Trainee: 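Here you go, one structure.
Indexing begins at 1, ligand by ligand and atom by atom, following the structure's order. The shown structure was predicted, so the numbers you read here are calculated from the model rather than taken from an experiment.
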Amino acid sequence: MKRRVVIAIDGPAASGKSSTAHWVAERLGLRHVDSGALYRAATAARLRVAKGKAPAKWVEKDVLDAARKHVGLAPTTHGFVPEIGGAPADEEIRGPLVTQHVSAVARMQKVRDWVNEQVRDAARAYSVVVDGRDIGTVVFPKADLKVFLVADPWERARRRLVQQLQRSPTDKEIAEETDRLVQRDAKDAQQSGQAADAVLLDTTYLTQEEQVDRIVALAKAVTARADDTSAG
Ligand code: CDP
């Protein structure tokens, strides 16, 4: 039986982890698991219970109840999509209200345990590419390959806006988005980290294709080495 592979991709907000992880998984025939999408889905599920309004106080037990009751991870050809109430929730979880509150939710330890359980379940069943903030440090400290993606904040903001607006953003829009990203990085700092054995990849001057190519090459090298070692 072929052994399961885990590739961990971590990095700050909007560093391109999810899209990169998606394409790496597709190229290597692995499954992509987006841990951030689960934190977002837990946040969105709690907002739904509150009829779309942010609760006055975010209580760990309420978020956990909403996540357990309403959020699931549904398999697709190349990965998983988070579902809320049995329906795909990809658009809902990317909305501004979720983005505003997700960092507070992600600081709740029981929510972190719940997300990590979903991610580890997926990795028991499939070879996976998992992206997040603490995948190489906490969730899979023995991952076959760990990559830490960074990019200049202005460039991260520009890319995120192009994706959201489907047009070239103005400098003012990029400056405002840069502020939001830097603030979110600060809120997430406690639960984010680069593993000592992670490969640091600065994507500021790389195209999406180039960064995917680099990670695919690294993944092929480490998995070939691991297969050699296990063979004897
Ligand atoms: O794609 P983006 O950088 O906007 O963020 P994301 O990956 O969708 O993650 C959303 C939020 O979830 C982050 O801002 C963190 O607060 C939290 N998160 C986390 O704490 N640990 C992870 N492994 C992944 C995400």
Trainee: Donor-acceptor check, side chain of K17 to backbone of I9, threshold 3.5 angstrom: yes or no?
Mentor: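 No.
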
Trainee: Looking only at heavy atoms of S18, does any of them come nearer than 4.0 Å to an atom of ligand 1?
Mentor: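 The answer is no: ligand 1 sits nowhere under 4.0 Å from a heavy atom of S18.
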
Trainee: Looking at ligand 1, is there an atom of it that comes within less than 4.0 Å of some heavy atom belonging to R107?
Mentor: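 The answer is no: ligand 1 sits nowhere under 4.0 Å from a heavy atom of R107.
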
Trainee: Look at atom 4 (O) of ligand 1 and find which of K187, R184, Q191 reaches it with the closest heavy atom.
Mentor: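 Of the listed residues, R184 has the closest heavy atom.
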
Trainee: Between D131 and H32, does any side-chain donor sit less than 3.5 Å from a side-chain acceptor?
Mentor: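 Yes, because at least one side-chain N or O of D131 sits under 3.5 Å from a partner of the opposite role on H32.
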
Trainee: If you have a sec, work out which protein heavy atom is nearest atom 8 (O) of ligand 1 and how many Å separate them, to one decimal?
Mentor: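 The closest one turns out to be R40 NE, 2.6 Å.
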
Trainee: Between R40 and D90, is the salt bridge (charged side-chain N to carboxylate O under 4.0 Å, His left out) condition met? List the steps.
Mentor: CA-CA 9 Å; R40 287 174 176 277; D90 211 54; over 6 Å; no

Trainee: Please classify the R94 to ligand 1 contact at 4.0 Å (heavy-atom distances, strictly less than): side chain, backbone, both or neither.
Mentor: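 Within the 4.0 Å criterion, R94 contacts ligand 1 through side-chain atoms alone.
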
Trainee: Could you check atom 7 (O) of ligand 1 against the protein and tell me its nearest heavy-atom contact, residue, atom and distance included?
Mentor: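 For atom 7 (O) of ligand 1, the nearest protein heavy atom is R133 NH1, 3.4 Å.
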
Trainee: Looking only at distances, can you tell me whether any N or O atom of D134, backbone or side chain, sits closer than 3.5 Å to an N or O atom of ligand 1?
Mentor: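 So ligand 1 has an N or O lying under 3.5 Å from an N or O of D134.
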
Trainee: What protein heavy atom sits nearest atom 1 (O) of ligand 1, and how far off is it?
Mentor: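 Among all protein heavy atoms, the one nearest atom 1 (O) of ligand 1 is R160 NH2, 3.1 Å.
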
Trainee: Counting each atom of ligand 1 from 1 as listed, which ones have a heavy atom of V102 under 4.0 Å away?
Mentor: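 Atoms satisfying the 4.0 Å criterion: 11 (C), 12 (O).
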
Trainee: How far is atom 20 (O) of ligand 1 from its nearest protein heavy atom, and which residue and atom name does that atom have?
Mentor: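 Here the nearest protein heavy atom works out to R112 NH1, 2.9 Å.
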
Trainee: Just how far is it from atom CG of L28 to atom CD1 of I7, taken to the nearest 0.5 Å?
Mentor: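 Those atoms lie 5.5 Å apart.
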
Trainee: Near A13, which atoms of ligand 1 are under 4.0 Å from a heavy atom of that residue?
Mentor: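 Counting from 1, the qualifying ligand atoms are 3 (O).
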
Trainee: Go through it in stages, so that I can follow the logic: the residues are T137 and F148, the test is side-chain contact (heavy atoms from CB on, under 4.5 Å), and I'd like the CA-CA distance, side-chain angles, deciding distance and then a yes or no.
Mentor: CA-CA 11 Å; T137 48; F148 197 80; over 6 Å; no

Trainee: For atom 3 (O) of ligand 1, what is the closest protein heavy atom, and at what distance to 0.1 Å?
Mentor: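 Heavy-atom neighbour on the protein nearest atom 3 (O) of ligand 1: A14 N, 2.8 Å.
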
Trainee: Is the closest basic N to carboxylate O distance between E117 and R112 below 4.0 Å?
Mentor: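 No, E117 and R112 are not salt-bridged.
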
Trainee: Please confirm whether D131 comes within less than 3.5 Å of ligand 1 when only nitrogen or oxygen atoms on both sides are compared.
Mentor: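 By distance alone, the answer is no.
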
Trainee: Salt bridge check, R46 against D65: does any charged N sit closer than 4.0 Å to a carboxylate O?
Mentor: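 Not counted as a salt bridge, because no side-chain N and carboxylate O are separated by less than 4.0 Å.
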
Trainee: OG/S35 to CZ/F140 distance, rounded to the nearest 0.5 angstrom?
Mentor: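 So the gap between those two atoms works out to 9.5 Å.
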
Trainee: Kindly compute the distance separating CD (Q194) from CG (D197), expressed to the nearest 0.5 Å.
Mentor: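 The CD atom of Q194 sits 9.5 Å away from the CG atom of D197.
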
Trainee: Which protein heavy atom lies closest to atom 16 (O) of ligand 1, and at what distance to 0.1 Å?
Mentor: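 Ranked first by proximity to atom 16 (O) of ligand 1 is D188 OD1, 2.6 Å.
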
Trainee: Mind checking the CG-CD spacing from D202 to E155? Nearest 0.5 Å is all I need.
Mentor: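 D202 CG to E155 CD: 10.0 Å, rounded to 0.5 Å.
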
Trainee: Nearest protein heavy-atom contact for atom 17 (C) of ligand 1: which residue, which atom, what distance?
Mentor: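 Looking only at protein heavy atoms, the one closest to atom 17 (C) of ligand 1 is A106 CB, 3.6 Å.
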
Trainee: What residue and atom, counting heavy atoms only, is the protein's closest point to atom 18 (N) of ligand 1, and at what distance?
Mentor: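 Looking at atom 18 (N) of ligand 1, the protein heavy atom closest to it is Y39 CD1, 3.5 Å.
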
